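None of these values were measured; they are calculated from a predicted model. Computed over heavy atoms, backbone and side chain alike; hydrogens, waters and symmetry mates excluded.
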Amino acid sequence: MESKDEAFGFVRDLVLRLRNESHKAMRAIRSDNGGEFRNSRFENFCRNLGLEHQFSSPYTPPQNGVVERKNRTLVEMARTMLDKHRTPRRFWAEAVNTPCYFANRIFLRAFLGKTSYELRFGRQPSVKHLQAFGCRCFVLKKAGHLDKFESRCLDGIFLGYASSSRAFLEPPLNCRLIGTKWVFKNKQGEDGMVVRNKARLVAQGFCQKEGIDYEETFAPVARLEAIRILLAFAASKGFKLQQMDVKSAFLNGFIEEEVYVRQPPGFESAKFPDRVYKLRKGLYGLKQAPRA
């Protein structure tokens, strides 16, 4: 937000998004008496949604003490991070967003024992992707035809987490979109009891056309002659053989063709329902998956 005049647009989008996510009725909005909040646009918006717009008394910050303390905590944390890594001050917005991102996923709410993220989405947040602000990072080069020994990455500085970006994009013109579906399976133990519920996203590769979406297919199986030669050689040398099943082999290989898939069922974006994903790695069901 570059100026306070944009406050109404941000508040409106936040209120509408929260109403759609929680499916619960909001009762009131509380703010100070600033001109960016006390105007006709806010009044009409609250009146149309049946919201009560509450205002704190002028020149009495203690009435809104929770927000004031939270804002002071975020500003102090951002200032500390900028000073520690000697980051230019123009990145102050990214520095404030980072401790806010952490606080929503780490700090527990009093008496509830849950984080703000868990209260909003109903599940515990993942924190394995968290990194230190200002640390060194690497950006993958996506340009094609790189030299064999040319660097595949660019050096960068980690400046926080995007709050609204997603991996989907506008579908290119004349591209063939591939649908996706979920496959559910119950894994049973030796006693026949269900020990795990598994879900896997697969691509509907049956709609791919040979010569258009792919050139050739591969079967990831070994020839019987090769197995016999291996066993004979191991027996003559006294080698010990072990069998290993690579369960995620289909999900770790890069694909060369441009493949676009629709958004997974049940996880479509309400704001961008027509956006698609561009695959970088193989997905179960694709004709290219065995090769990858």
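- Here the side chain of N48 pairs a donor or acceptor atom with the backbone of N44 at under 3.5 angstrom.
- Side-chain contact between V261 and L177 is absent, with no heavy atoms from C-beta onward closer than 4.5 Å.
- Once rounded to the nearest 0.5 Å, the distance linking CD of E258 with CZ of R176 reads 14.5 Å.
- Between the N39 side chain and the E36 main chain, a donor and an acceptor come within less than 3.5 Å of each other.
- Here the CD1 atom belonging to I106 is positioned 9.5 Å from the OG1 atom belonging to T115, to the nearest 0.5 angstrom.
- Rounded to the nearest 0.5 Å, atoms CG (D274) and CD (Q263) are 8.5 Å apart.
- Around CD1 of I157, the count of heavy atoms belonging to other residues, nucleotides or ligands within 6.0 Å does not exceed 12.
- The CE atom of M26 lies 5.5 Å from the CG atom of L18; values are rounded to the nearest 0.5 Å.
- Residues Q131 and Y161 form a side-chain contact, since some pair of their non-hydrogen atoms from C-beta on lies under 4.5 Å apart.
- Note that R41 lies outside the cation-pi zone of F45, set by a 6.0 Å cut-off to the ring centre and a 45° limit from the axis.
- There is no side-chain donor-acceptor pair under 3.5 Å between R262 and Y277.
- In this structure, NZ on K181 lies 11.0 Å from CG on L201, to the nearest 0.5 angstrom.
- Ring orientation note: the planes of F42 and H53 are tilted relative to one another, at an angle of 30° to 60°.
- Contact record, H85 with F133: NE2-O, 2.7 Å, taken as the closest heavy-atom pair.
- No donor-acceptor distance shorter than 3.5 angstrom exists from the side chain of T98 to the backbone of A95, with no hydrogens or angles considered.
- Cation-pi geometry between R136 and F158 is not met: the NZ or CZ atom fails to fall both under 6.0 Å from the ring centre and inside 45° of the normal.
- Using a 4.5 Å heavy-atom threshold, the side chains of E76 and L74 count as separate.
- For R38 and F55, the positive end sits near the middle of the six-membered ring, less than 6.0 Å away and at most 45° from its axis.
- With values rounded to the nearest 0.5 angstrom, S116 atom OG is found 12.0 Å from K114 atom NZ.
- In this structure the side chain of F10 never reaches within 4.5 angstrom of the side chain of R12, judged on heavy atoms.
- Taking the six-membered ring where the residue is Trp, F267 and W182 present tilted rings, their angle falling between 30° and 60°.
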